[in-house]
Amino acid sequence: MPEVNERPLVQAIGLTKHFPVRGGLLSSLLRREEQVARAVDGVSFDIRRGSVFGLVGESGSGKSTTARLVLRLIEPTAGQVIFDGVDMGTLKPAAMRSLRSRMQIVFQDPMASLNPRMTIGAAIEHPARIHMPDLTPKQRRERVIEMLEAVQLSPGRQYYDKYPHQISGGQRQRVVIARALVTNPDLIVADEPVAMADVSVRALLLELMMKLKEQFDLTYLFITHDLATAKYVCDDIAIMYLGKIVEQGPLRSVFREPSHPYTRALLDAVPVPDPKHRRNRPMPAGEIPSALNPPSGCRFHPRCPIAATEVCPLVDPELRPVEGRPEHLAACHLRTGAYQHLDPER
Amino acid sequence: MSEVVYSIRDLVVEYQTRAGSMRAVDGVSLDIRRGEILGLVGESGCGKSTLGKAMMRMLSRNARIAKGELIFDGRDLVKASDEEMRQIRGGRIGMVFQDPMTSLNPTQRIIDHITETIQTHRPDATDEEARERAAFLVERLGIRKDRLDDYPHQLSGGMRQRVMIALALALDCDLVIADEPTTSLDVIVEAKFLDLLKELRDEFNLTIMMITHNIGVVAEVADRVAVMYAGEMVEVGDVYSVFEKPSHPYTEGLLKSVPNIAIDDEELYQMAGGPPNLMHPPTGCRFNPRCPYAMDICSREVPPRFEAHGDGGFAACWLRDPVRKEARDA
Ligand SMILES: Nc1ncnc2c1ncn2[C@@H]1O[C@H](COP(=O)(O)OP(=O)(O)OP(=O)(O)O)[C@@H](O)[C@H]1O
Ligand SMILES: Nc1ncnc2c1ncn2[C@@H]1O[C@H](COP(=O)(O)OP(=O)(O)OP(=O)(O)O)[C@@H](O)[C@H]1O
Ligand SMILES: [Mg+2]
Ligand SMILES: [Mg+2]
């Protein structure tokens with residue numbers, strides 16, 4: 001099938017966000033420099049139109065901050081986001097508002113993103129009021145009911161006047177999805193959308209999200225810390241560690257042939273629901289260092305089983321193709337860089 | 001057969017709510033054996049935590065044990081006094097919860113918490129002894145000794161879990177009940193915690209009951225698995241056998257709907273329907289409205305329990321019961 005529009009829907013280029021953090025009393029007395037949390041540090045990726053781009057990584061790796069940068073809910077310290085060919089950093093507020101209606105976000109906890117005193121119908125209608133001023137009240141109501149039925153809360157009329165506490169957790173998440181869809185967006189950023197759901201509910205929600213993607217021509221930025229879930233939904237994937245992408249590429253390529261030692265560890269760590277597949281490889285030592293004071297060179301080097309003292313603590317590795325595959329990149333001196341002769345597993 | 005540490009017999013736990021009373025645990029029997037890791041699984045709301053809390057008599061005020069026995073250390077804990085229970089909780093039966101922040105005092109250093117707990121349960125231990133034991137165990141669990149001077153919020157989630165386990169070890173607990181201990185942990189931290197549990201089981205013959213909705217975690221560490229559905233125990237058995245050949249259709253569906261990174265499937269299996277309202281559970285087999293194999297009898301009569309998976313394992317199902325199956329086939 002030939003692509004109608006080859007341009008990626010989203011291009012992130014060198015996205016960086018450093019949050020200033022107030023130091024303790026002592027450091028302010030000593031007039032030390034203000035500390036920064038390097039939440040996101042030079043992240044670049046393309047999200048292809050109509051695809052699901054997965055951002056995975058452990059807690060604190062910078063996934064949500066990257067999402068907020070893509071939606072421009074926060075200003076980047078450096079770098080750009082190009083949305084459908086437009087550099088979002090150059091937009092005037094009015095143009096920004098209209099672009100906003102083309103991107104929506106779905107969070108992990110539906111209860112926290114719904115107002116308990118607002119009916120489900122009113123909640124879904126709210127973004128339509130802001131972004132679709134031309135609709136009459138009757139048209140708006142019809143649109144809301146259409147969205148309720150799209151997320152399989154049907155007949156929609158019956159759900160319109162209910163309150164969030166009157167429906168189940170899985171249904172609430174569907175309401176949040178319906179609200180995200182009402183303005184007819186191109187991009188849905190889903191930040192851990194199924195993390196709170198039970199196994200059976202999770203399978204239903206994921207299938208619904210994939211169905212809606214086809215039905216409404218959506219593109220997803222799908223954030224999760226669960227690689228097993230990512231496997232069922234993502235076309236492309238990026239693995240984050242301490243604010244950087246360490247590996248990215250088509251999901252199958254990354255899962256079948258993980259190149260970066262951190263990606264391997266993450267994949268190994270996922271518990272497999274089959275006792276015959278118990279893990280026997282050891283996990284990396286230590287814990288994730290603080291974003292306030294990330295290690296020098298490759299940020300994974302203090303925990304890396306193959307780190308080489310000659311280079312890893314000294315030089316920050318760049319993303320480079322894995323075995324000549326231009327779409328699968330990894331940032332490791334010993335796997336894709338100039339020091340492959342030092343790889344003990346070669 | 002190995003020694004039984006804790007025996008739950010025909011336990012019924014009821015909650016009083018404004019809408020009426022509800023049985024969150026309904027006729028559950030289960031033996032926990034010394035030195036095993038037992039995984040208790042089931043969908044949200046099926047009664048796992050209620051069972052775990054009942055075992056320690058830590059139920060909320062609107063709950064009561066309506067029936068059954070909890071046999072531990074030669075006595076029935078249902079009849080034990082509050083004072084006896086205070087000694088047993090933490091002293092003989094250790095607890096690890098999803099968020100240990102709630103069980104640690106935020107204003108107390110880790111070391112003080114551990115020594116104080118040791119001394120509450122072992123009044124003859126001197127400060128020195130308690131501190132030494134705490135330091136030894138915490139280091140054994142991979143936390144540097146100097147971190148003992150930290151406050152709970154200064155430790156990561158994984159470290160706090162290890163502190164709770166260290167406490168159970170310090171007191172030589174006969175049983176540790178862990179309710180969703182890894183739910184808030186990242187995969188690598190979770191994997192390390194599971195490795196640690198296996199090591200401790202091997203090294204100290206620690207007995208662990210692990211309550212979780214994460215089927216992968218159970219496959220990774222458990223020796224036996226117990227499956228609850230709508231307040232009832234529907235299947236129990238050796239973990240290899242249950243995963244290889246589940247006897248109950250609910251277990252079968254549950255195992256199939258788990259994302260599996262190790263196989264090459266593209267879609268997740270979806271179990272029909274959702275868990276029933278425990279206020280009005282379905283008659284007959286509680287799983288019958290969702291069961292792909294349901295027969296007439298399943299909605300009318302409570303299914304028989306039959307032996308499965310060897311070694312005291314069982315399942316409760318009309319379809320799979322070998323005796324009735326023969327009768328039907330004949
Ligand atoms: N507003 C803020 N001020 C200071 N630091 C922040 C802020 N927001 C995030 N951080 C820090 O930036 C880092 C990345 O946080 P982020 O929330 O993006 O991670 P995440 O990958 O989404 O984690 P999780 O899986 O826990 O949601 C963390 O170290 C976090 O503490
Ligand atoms: N204090 C309470 N009062 C009334 N009902 C309760 C109370 N605590 C739990 N319940 C109900 O009892 C049932 C069993 O709850 P329980 O917490 O034991 O389930 P669970 O299997 O641990 O679920 P989860 O996986 O979500 O932790 C649920 O229907 C729940 O709503
Ligand atoms: Mg996040
Ligand atoms: Mg629970």
Side-chain angles (χ1 to χ4, degrees), chain A residues 56-61 168-171 194-208 210 224-233 241 251-252 255-256 262 264-290 303, chain B residues 41-46 142 155-159 182-195 198 213-223 225 238-244 253-275 290:
Chain A
V56 289
E58 291 178 276
S59 185
S61 57
S168 74
Q171 289 175 329
V194 297
M196 314 258 295
D198 225 358
V199 270
S200 53
V201 177
R202 186 181 313 172
L204 292 169
L205 276 175
L206 290 175
E207 203 212 42
L208 174 68
M210 293 309 117
T224 180
H225 62 267
D226 178 14
L227 286 116
T229 296
K231 190 195 103 175
Y232 293 89
V233 294
Y241 184 75
L251 179 113
R252 302 231 159 233
F255 273 32
R256 288 207 184 115
Y262 179 67
R264 289 205 182 172
L266 261 190
L267 286 166
D268 273 349
V270 178
V272 173
D274 181 355
K276 293 200 301 273
H277 276 92
R278 288 191 175 171
R279 175 178 48 80
N280 41 33
R281 265 181 290 200
M283 285 287 108
E287 311 221 348
I288 305 180
S290 156
R303 306 174 69 198
Chain B
V41 298
E43 275 165 298
S44 185
C46 71
L155 302 185
S156 68
M159 286 181 181
T182 66
T183 300
S184 58
L185 303 182
D186 271 313
V187 273
I188 290 180
V189 185
E190 172 182 85
K192 289 186 181 183
F193 183 73
L194 298 178
D195 284 346
K198 284 192 270 193
H213 64 267
N214 189 332
I215 308 289
V217 164
V218 168
E220 193 66 52
V221 296
D223 301 297
V225 54
D238 171 79
V239 73
Y240 288 91
S241 176
V242 171
F243 275 72
E244 171 92 35
L254 186 67
L255 296 183
K256 271 201 288 188
S257 55
V258 182
N260 185 341
I261 201 165
I263 57 174
D264 232 357
D265 58 341
E266 305 221 322
E267 261 170 50
L268 272 177
Y269 172 81
Q270 294 171 30
M271 220 183 320
R290 300 172 73 185

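Chain letters run A, B, ... following the sequence lines, proteins first and then strands; every chain starts at 1. Worth saying up front: this structure is predicted, and the values here are computed from it rather than measured.
Residue B/Leu194 does not touch chain A at all, counting heavy-atom pairs closer than 4.5 Å. Both the backbone and the side chain of B/Ile188 come within contact range of chain A, judged by heavy atoms closer than 4.5 Å. Residue A/Arg303 touches chain B through its side chain alone, counting heavy-atom pairs closer than 4.5 Å. Residue A/Pro282: no heavy atom, backbone or side chain, is found under 4.5 Å from chain B. With a 4.5 angstrom heavy-atom cutoff, A/Lys231 touches chain B only via side-chain atoms. Looking at A/Ala195, there are no atoms closer than 4.5 Å to chain B (heavy atoms on both sides), in backbone or side chain. Only the backbone of B/Ala222 comes within contact range of chain A, judged by heavy atoms closer than 4.5 Å. For B/Val221, the part sitting under 4.5 Å from any heavy atom of chain A is the backbone (N, CA, C, O) and nothing else.
By number of non-hydrogen pairs under 4.5 angstrom with chain B, the leading residue of A/Ser59, A/Ala203, A/Ala265, A/Pro271 is A/Pro271. Contact tally against chain B (heavy-atom pairs below 4.5 Å) for A/Val201, A/Val270, A/Leu227, A/Ile288: the top residue is A/Val270. With chain A as partner, the option from B/Leu254, B/Val218, B/Ile263 having the largest number of non-hydrogen pairs under 4.5 angstrom is B/Ile263. The greatest number of non-hydrogen atom pairs below 4.5 Å with chain A, out of B/Asp195, B/Val217, B/Ile215, is found for B/Asp195. Ranked by heavy-atom pairs under 4.5 Å with chain A, the first of B/Leu255, B/Thr183, B/Val189, B/Asp265 is B/Asp265. Note on A/Pro273, A/Pro284, A/Ala285: by heavy-atom pairs under 4.5 Å with chain B, the leading option is A/Pro273.
For A/Arg202 and A/Glu207, the salt-bridge test fails: no basic side-chain N is under 4.0 Å from an acidic carboxylate O. A salt bridge links B/Glu43 with B/Arg290; the closest basic N to acidic carboxylate O contact falls under 4.0 Å. Ion pairing of A/Arg252 with B/Asp264 is present here, as a side-chain N (NZ or NE/NH1/NH2) and a carboxylate O approach within less than 4.0 Å. Between A/Arg281 and A/Asp268 there is a salt bridge, since at least one side-chain N of the basic residue sits less than 4.0 Å from a carboxylate O of the acidic one.
In this structure, A/Gly170 and A/Leu205 approach most closely via the heavy-atom pair O-CD2, 4.0 Å.
No hydrogens or angles considered: a donor-acceptor pair under 3.5 Å links the side chains of A/Thr229 and A/Asp226.
The shortest side-chain heavy-atom distance between B/Glu190 and B/Asn214 falls under the 4.5 Å cut-off. The closest side-chain heavy-atom distance from B/Glu244 to A/Lys276 is below 4.5 Å.
When atom types are taken as modelled, the side chain of A/Glu58 and the backbone of B/Val187 share no donor-acceptor pair closer than 3.5 angstrom.
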